Amino acid sequence: METQIVKQNQYLEQPKERISGSEAVVRCLLAEGVDVLYGYPGGAIMPVYDELYKYQDKIHHVLTRHEQGATHAAQGYARISGKVGVAIATSGPGATNLITGIADAQIDSTPMVCITGQVASHLLGTDAFQETDIISISTPVTKWNCQVTKASEIPKVMAKAFYIAQSGRPGPVLVDITKDAQFEEFDFQYKKCKNIRSYSPIPITEKSSVEAAANLINAAKKPMIIWGQGIILGGAEEEFKAVIEKAGIPSAWTIMGASALPTAHCLNIGMVGMHGNYAPNVLTNQCDVLIAIGMRFDDRVTGDLNRYAKQAKIIHFEIDPAEVDKNVKTDVAVLGDAKESLKELLPLLKTNKHTKWHQKFKDLYAIEFEEVIQEDLNPTKEGLSMGEVLKEINKQTKGEAAIVSDVGQHQMIACRYAEFKNTRSNITSGGLGTMGFALPAAIGAKMAAPDREVVAIIGDGGYQMTIQELGTIFQSKVPVKIVVLNNEFLGMVRQWQQLFFDKRYASTEMTNPDFITIAKGYHIEATRVTKREELTDAVSNMIDSKEAYFLEVCVEKENNVFPMVPSGASISEVKLR
C-alpha cells in the first residue's frame, strides 16, 4: 500500500526541476492520474507528442482517426468511469475538429480536458499557418478555457483545468498552449488545485429547503419523481434508491439518467420525453407533486411548457443554480450535491406505498404494451424490428452490458428497451444529439472498463460519420462490439417526414456501402443478419468473441418509434401510433 501511495504522489508538490513546457504538460497529466488520452498529432502540438513518446510506459496515447473521434472517445471513457477524459490535438483544423465533442460534453455535463497546440505567441493574430482563435471559438461550449503563452503558466493552468472539469456540475475545459511555451524551459513544480476564489462548484444545501421538500412529499397523494444524470454524476444511486423505497414514489428517468436505478426495480416506471413511456408522460400532468432530481427540464422532456405539470407543486434538487427556474418554475429548490441532499431528505420522509397511484401507471403501461411494446419486441411482420434486436442483446448479456448509442430511432429504441442492472451503463449523446458519437465513445468506454461488455448500437447514417474509427479499434485492439441497425434511411428524420411532411422523403434515403467488407478491411470479424432465425446465433457469436466484432442487422425500412410526443404538443398528448 505504501508503494502505491508513493507512486500516486510522486508528481505532486515535488521539488522544483528545470524542464520544458511540453514535458510539464505530460507531468501534469500524470499528477492528475491520467493513464490514457486520445488525440491526433500535428505541428503545433508536436513537442508534447515528443514527450508523450518518452513517457509511453506511464501514459497510453490512443491515435484516433479524427479529432472529433478523440473527444467522443474521451467522453465515453469519462461517462463509464467517472474520471476526467482527455483529448489532445494540434492548432487550426485540429482544434476546430474538437468543437462538436466539446459542445456535446458541455450540454451533457461530461468531465473532459482538451489540450490544443497553438502557433508561437509572436504569431498570434497574424493569420499564421494553421492559426485559429480556438479560445474565442470554444468559449460558448466550455466550462472554462485558457491560452498559455509561457511555460511557467502550465502547472497552475492544468491543475485548474482538471479541478474545474470534475468539480460541481462537470464539463469540458480547453487549454491552448503556444508552441514556444512548449519549448521554453522553467522550474517545474506541481500542486493540485483544491479551490478557486469566487468559484463555488457545490452550493450549500439549506436545511429549510430540504424540510420544505419533505413536507410537500409527505403530504402528496400522487407524487412522481423524474431523475436525470445528476444522480449518476453525484454518485447518489444508493441514497436515491433509499428515498424512493421509503416514500414509495413512482420514478421515471431522462435518457441521461438511465441505469442509475435498475430497469427491473418495482418503482422504475420508465422513460419520460418525446419517445418516453406512455404512463410517466401522461401522469406528469396528473401528479400533485413533481420531484425533479439532477435534471434540467429539457424541451424533449417537457413538451409545451405552458401545459407542463401546471397542477403540481414542483420540487427541484439541483447542483447548478442556473438550472433552477430556467424552464419550469419551482415551488421548492434544493440546491447542492444530490448525494448529500438526499441523505438529508431521507430521515424526514414518511414511509408510504401510494398503491392506488401506482396502479394508474400499471394500467397505462398495459395499454402501451398492447399498442406498442408487444409489436416492437415480438413483431408479427416478416422484417426484423429494432426492438427485437435489443431484446436479444438483453437476453444474452443479462443486463450487464454498457450500451453506447448514437442518435436517431435506434437511440430511442435502445434507451427504451435496454435492460440495465448497473449504473453508468447507458452512454449516449443526449443534449446535443451528435450523430457519429457512438463508435468512438464505445472505444473510450471499453478502454475505461475492460472487464465490462460494451455494445455500440448505431444507425447506418450516424455510423458513417465516424466509421474511420474502425482504424482506431484495429490498431489499438479494442474488443468493442458494434451493432448497426440498418434501415437504409436517416430513420428519425424520415419518421418526421412521414408524419408531418406528407411522406416527402427529402434526402433521407441512404445508398449504403458494403459494411461487412469495410469491417473486414479493418480485420474486424463481421456478420450480416437479414432473417429472424439468424439473429440469436449472430448475437451469441458477437458476445462470445474476445475481439472486436461487427454485426449488421437489416431491419424494417419504415418502422417508426412510438410513443411519440409531437413537437410543440403537451406531453399528455402522446401518440401511441
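Note that the structure is a prediction, hence the values are computed from the model and not measured.
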Where do [X] and [Y] come nearest, in terms of heavy atoms and distance?
X: Ile403; Y: Ala414; value: CG2-CB, 4.4 Å
X: Lys575; Y: Pro566; value: CE-CG, 3.6 Å
X: Val480; Y: Val454; value: CG2-O, 3.7 Å
X: Ile115; Y: Val86; value: CD1-CG1, 4.3 Å
X: Gln106; Y: Pro172; value: OE1-CD, 3.2 Å
X: Thr263; Y: Phe420; value: OG1-N, 2.7 Å

Exercise for review: Show your reasoning for whether side-chain hydrogen bond (donor to acceptor under 3.5 Å, both in side chains) applies to Asp104 and Thr434.
Suggested key: CA-CA 7 Å; Asp104 194 287; Thr434 305; 2.7 Å; yes

Taking [X] first and then [Y], would you say they form a salt bridge - that is, a charged N and a carboxylate O separated by under 4.0 Å?
X: Glu371; Y: Arg577; value: yes
X: Glu453; Y: Lys481; value: yes
X: Lys360; Y: Asp363; value: no
X: Glu237; Y: Arg424; value: no
X: Glu419; Y: Lys395; value: no
X: Lys326; Y: Glu323; value: yes
X: Arg296; Y: Asp298; value: yes
X: Asp320; Y: Arg169; value: yes

When rounded to the nearest 0.5 angstrom, what distance separates [atom1] in [X] from [atom2] in [Y]?
X: Asn218; Y: Leu349; atom1: CG; atom2: CG; result: 5.5 Å
X: Cys28; Y: Phe162; atom1: SG; atom2: CZ; result: 8.5 Å
X: Asn195; Y: Arg197; atom1: CG; atom2: CZ; result: 11.0 Å
X: Leu377; Y: Lys391; atom1: CG; atom2: NZ; result: 6.0 Å
X: Asp337; Y: Glu239; atom1: CG; atom2: CD; result: 9.0 Å
X: Met564; Y: Asn281; atom1: CE; atom2: CG; result: 12.0 Å

Practice item. Report the C-alpha distance between Val175 and Cys114 in whole Å, list the side-chain angles of each, state the deciding distance to 0.1 Å, and finish with yes or no for side-chain contact (heavy atoms from CB on, under 4.5 Å). Key: CA-CA 6 Å; Val175 178; Cys114 292; over 6 Å; no

Hey, does the side chain of [X] reach the backbone of [Y] with a donor-acceptor pair shorter than 3.5 angstrom?
X: Thr466; Y: Gly436; result: yes
X: Tyr163; Y: Lys194; result: yes
X: Trp144; Y: Leu174; result: no
X: Asn145; Y: Val173; result: no

Minimum side-chain heavy-atom gap [X]-[Y] below 4.5 Å:
X: Thr423; Y: Ile231; result: no
X: Thr205; Y: Leu335; result: no
X: Tyr365; Y: Ile373; result: yes
X: Met435; Y: Gln411; result: no
X: Pro440; Y: Thr64; result: no
X: Ile458; Y: Ile482; result: yes
X: Val301; Y: Asp299; result: no
X: Lys313; Y: Leu216; result: yes

Say whether [X] and [Y], considering side chains only, have a donor N or O and an acceptor N or O under 3.5 Å apart.
X: Asn560; Y: Arg494; value: yes
X: Asn422; Y: Ser259; value: no
X: Asn285; Y: Ser570; value: yes

In terms of heavy-atom contacts, does [atom1] of [X] have more than 12 from other residues, nucleotides or ligands at under 6.0 Å?
X: Lys339; atom1: NZ; result: yes
X: Glu370; atom1: CD; result: no
X: Glu375; atom1: CD; result: yes
X: Tyr199; atom1: OH; result: yes

Review point. Is the ring centre of Trp227 less than 6.0 Å from the ring centre of Phe240?
Key: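 Close enough - the centres of the two rings lie under 6.0 Å apart.
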
Exercise for review: Step through it carefully: locate the ring centre of Tyr38, locate the ring centre of His72, and say whether they are under 6.0 Å apart.
Suggested key: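 No - the distance between ring centres of Tyr38 and His72 does not fall below the 6.0 Å cut-off.
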
**Study point:** Residue pair Thr100, Gln68: steps toward the side-chain hydrogen bond (donor to acceptor under 3.5 Å, both in side chains) verdict
**Key:** CA-CA 7 Å; Thr100 296; Gln68 181 181 344; 4.7 Å; no

**Study point:** Residue pair Leu290, Tyr308: steps toward the side-chain contact (heavy atoms from CB on, under 4.5 Å) verdict
**Key:** CA-CA 11 Å; Leu290 181 63; Tyr308 182 76; 3.7 Å; yes

Point to revise | Stepwise salt bridge (Lys or Arg N to Asp or Glu O under 4.0 Å) check, Lys83 with Glu32 | key: CA-CA 10 Å; Lys83 300 177 183 177; Glu32 292 293 342; over 6 Å; no

Exercise for review: Tell me, with the steps shown, if Phe562 and His275 meet ring pair (Phe, Tyr, Trp, His ring centres under 6.0 Å).
Suggested key: CA-CA 6 Å; Phe562 286 103; His275 292 286; 7.6 Å; no

Practice item. Go through Phe437 and Ile427 one step at a time and tell me if the side-chain contact (heavy atoms from CB on, under 4.5 Å) criterion holds. Key: CA-CA 10 Å; Phe437 171 87; Ile427 300 168; 4.0 Å; yes

Practice item. May I have the step-by-step check of side-chain hydrogen bond (donor to acceptor under 3.5 Å, both in side chains) for Asp376 and Ser385, ending in yes or no? Key: CA-CA 6 Å; Asp376 278 352; Ser385 74; 5.8 Å; no

Exercise for review: Pick out which of Val141, Ile137, Thr116, Ile134 makes a side-chain contact (heavy atoms from CB on, under 4.5 Å) with Leu98.
Suggested key: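 That would be Thr116; it is the only one of Val141, Ile137, Thr116, Ile134 passing the side-chain contact (heavy atoms from CB on, under 4.5 Å) with Leu98.
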
Review point. Should the ring pair Phe361 and His358 be called parallel, tilted or perpendicular, given that the plane angle runs from 0 to 90° and is split at 30 and 60?
Key: tilted

Exercise for review: List the steps and the verdict of side-chain hydrogen bond (donor to acceptor under 3.5 Å, both in side chains) for Gln495 and Gln409.
Suggested key: CA-CA 9 Å; Gln495 178 169 333; Gln409 286 183 319; 2.9 Å; yes

Check your understanding: Going through the checks in order, is the side-chain contact (heavy atoms from CB on, under 4.5 Å) test met by Arg452 and Lys446?
Key -> CA-CA 7 Å; Arg452 294 197 64 184; Lys446 184 62 179 177; 5.6 Å; no

